[in-house]
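In what follows, every chain begins at residue 1, and chains take the letters A, B, ... in the order their sequences are listed.
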Amino acid sequence: MKRLAVLVAIFAGLGLLPLLVGSDFWLNAIMLALFSALIGQAWNIAGGYAGQFSFGHALFFGIGAYAVAVLQVDLGINPWLGMLVGGALGAGAGAALGWLTFRYGLRGSYFALVTLAFAEVFRILANSTPFTGAGEGILIKLNPHPAMLQFKALSGYYWLLLALTFACFLSVWWLERSRLGAQMLAVRDNEDAAAAVGVDAFAVKLKAMALSGLFMGLAGVFYTQRYLYLDPGLAFGPTQSVEALLVAIVGGIGTLFGPLLGAFALHLLGEAAQTALGDVPGANMVIYGTVLVVMVLFLPRGLASLGKAGLGKAGGRRQGLRRRKRRAKDA
Amino acid sequence: MPDMTILWPAILNGVTTGALYALIALGLTLIYGVLHIINFAHGALLMVGLYAVYFLWRFLGLDPYVSLLIVPPLMFALGYGLQRGLITRAGHGRDENILLVTLGLSIILENLALMAFSSDTQTVDTAYGFSTLDVLGAFVPVPKVVAFGGAVATALALWAFMARTDLGRAIRAVAKEKKGAQLVGIDVNHVYAMSFGIGIGVLGIAACLLMPSYYVNPSVGHGFVLIAFTIVVLGGMGSFVGALIGGVIIGVVEALGGLFLGASLGQIGIFAIFILILLFRPQGLLGRLQ
């Protein structure tokens, strides 16, 4: 319950920000970090809790983003309904991809590669079909009205994003206390052992992918409505895939607050670098790549493992156990 | 069915391109076969090799084929150092960590290139760049013929090296049974680094052969990375012969896909093969050669 209180307090505090922060520049900067936290947490459900490392989460993001855009532009369907469809399609795509890959026992690196390939296939498809606007992309008519899921003031988008992010974090909070969450951890740590004690590993991984795809799809819907433009590279390109896993890894995979921590740490670093270096193309990504390498080298459990909170200790203990296990195996 | 005057050049083009793909995949499959890691930075390291060839030509006037004497050894050293200094340290006993580190490495290399050289596409001008050779009625650019010959020669040399030399035998021993190899006195860490170095050195050869008929920009590796993975998976992870056959298949599929579906959608054939093979036959066409 204490963790829920902390979570609610953080998001309540974030919710008040638009009333306190006068400048759109800072509000936008915080929004970018919140968006990263959302996709990082979505990735974290499959990657951190269920142990399925995906390199192609842009697949679900793009499907959600295109769903709301195509429904609106080609069929004239209200984007609020489009948001539901986008989320559902993201979840469906997650389950479908899981069903395809897990049925054949693809694990670890193979799984990462197949997700990457699927995102790439969808990028090419979106590039070649007329109803997605092909390479030119798809443009949504400006109509700033809450009924059209468009807002005059930046704060409207901010609260929408905050609500989605809060829903995602709340789900993970629930997951940590639920039977499904415990089963996911068991599958992550030792799939064969979990199966041996009666966990349906296939179903558990499928559910993890569906939940992960749901929030990734919703993030896609938000992106479309916020920028009112989409093209195949934005939707299915590697940027979102990399950012999602980077945020989770920097913050601490398999932890509730990790993605939030990672998102704000990364964006702070990015802002600082931009101030120091100016607008050099690529500089941001060099820093992100370096952070990724350094984190994997020296702090594979993420920033959250530094904390003295109960969570950090649990992470450390788990790692110590694994190290001992490995030593026993090597001996 | 279009007649052979269109089909034959496309197939020939596919085979020559495929041989280069195979060469790039060869390094990847060697690294996988021995170290059991997937080197995600393979494309970015190819980009580094291509830039090396380009700058040697631009500032020293060296022909890309002369660079064969310089770039592959440098790439080998880079690979050896990366494996010993970075990749072994990052594993922490999990494959995913290595995947992440090589992903990070590729992001760093690509964007450093973007910062230093801008995103402009660069090419080298050679006297033979546009000359062609008549192969049974189809005209093939000379650099592609050379690349095809070079790729086959490299594959043969690599095979002979693995079969006949002490180091080659040590590499195969480590690939098969790490602890046993250690017990008979093989320095496993050295063999790992040598394998990685050779894999990257082969990339250096590929860069020299590729540059006269291709171009370089910071994201040039992207296109190759998934193709190389597809070939490795298609041929069977760790299989040399599989990589060669897989490379030619992928080259031809790409050429024919481009002919029938257009350049953009044509690529889908490659990924369709990739996904189908991963799903239905993850051990690849030829299994594993060890």
Between I270(B) and chain A, which part of the residue has a heavy atom less than 4.5 Å away: side chain, backbone, both or neither?
neither
Applying a strict 4.5 Å limit to non-hydrogen atoms, the region of I108(B) in contact with chain A is both
If only side-chain N and O atoms count, and only distance matters, is there a donor-acceptor pair under 3.5 Å linking E243(A) with Y288(A)?
no
With no hydrogens and no angle check, do the side chains of S219(B) and H222(B) hold a donor and an acceptor under 3.5 Å apart?
no
Quick one: closest heavy-atom pair of A235(A) and Y66(A), and the distance?
CB-CE1, 3.5 Å
Largest heavy-atom contact set with chain A, pairs under 4.5 Å, which of L100(B), L109(B), N97(B)
L100(B)
For ring pair (Phe, Tyr, Trp, His ring centres under 6.0 Å), just list the numbers for W43(A) and F53(A), CA-CA rounded to whole Å, side-chain angles, deciding distance to a tenth of an Å, and then say yes or no.
CA-CA 8 Å; W43(A) 186 92; F53(A) 272 52; 5.2 Å; yes
When rounded to the nearest 0.5 Å, the distance separating CD1 of I107(B) from CG of N284(A) is 12.0 Å
For I287(A), which atoms come within 4.5 Å of any heavy atom of chain B: side chain, backbone, both, or neither?
neither
Under 4.5 Å heavy-atom distance to chain B, tell me which part of V291(A) shows up: side chain, backbone, both or neither.
neither
Turns out that what part of L112(B) lies under 4.5 Å from chain A's heavy atoms comes down to both
Counting heavy-atom pairs under 4.5 Å to chain B, which of F55(A), F118(A), F298(A) comes out on top?
F55(A)
Segment of I249(A) engaging chain B (4.5 angstrom heavy-atom cut-off)
side chain
For H57(A) and S212(A), which I'm curious about, is there any donor-acceptor pair between the side chains at under 3.5 Å?
yes
Largest heavy-atom contact set with chain A, pairs under 4.5 Å, which of L105(B), T230(B), L103(B), V101(B):
L103(B)
Count the heavy atoms belonging to other residues, nucleotides or ligands that lie under 6.0 Å from CZ of R89(B), then report whether that count exceeds 12.
no
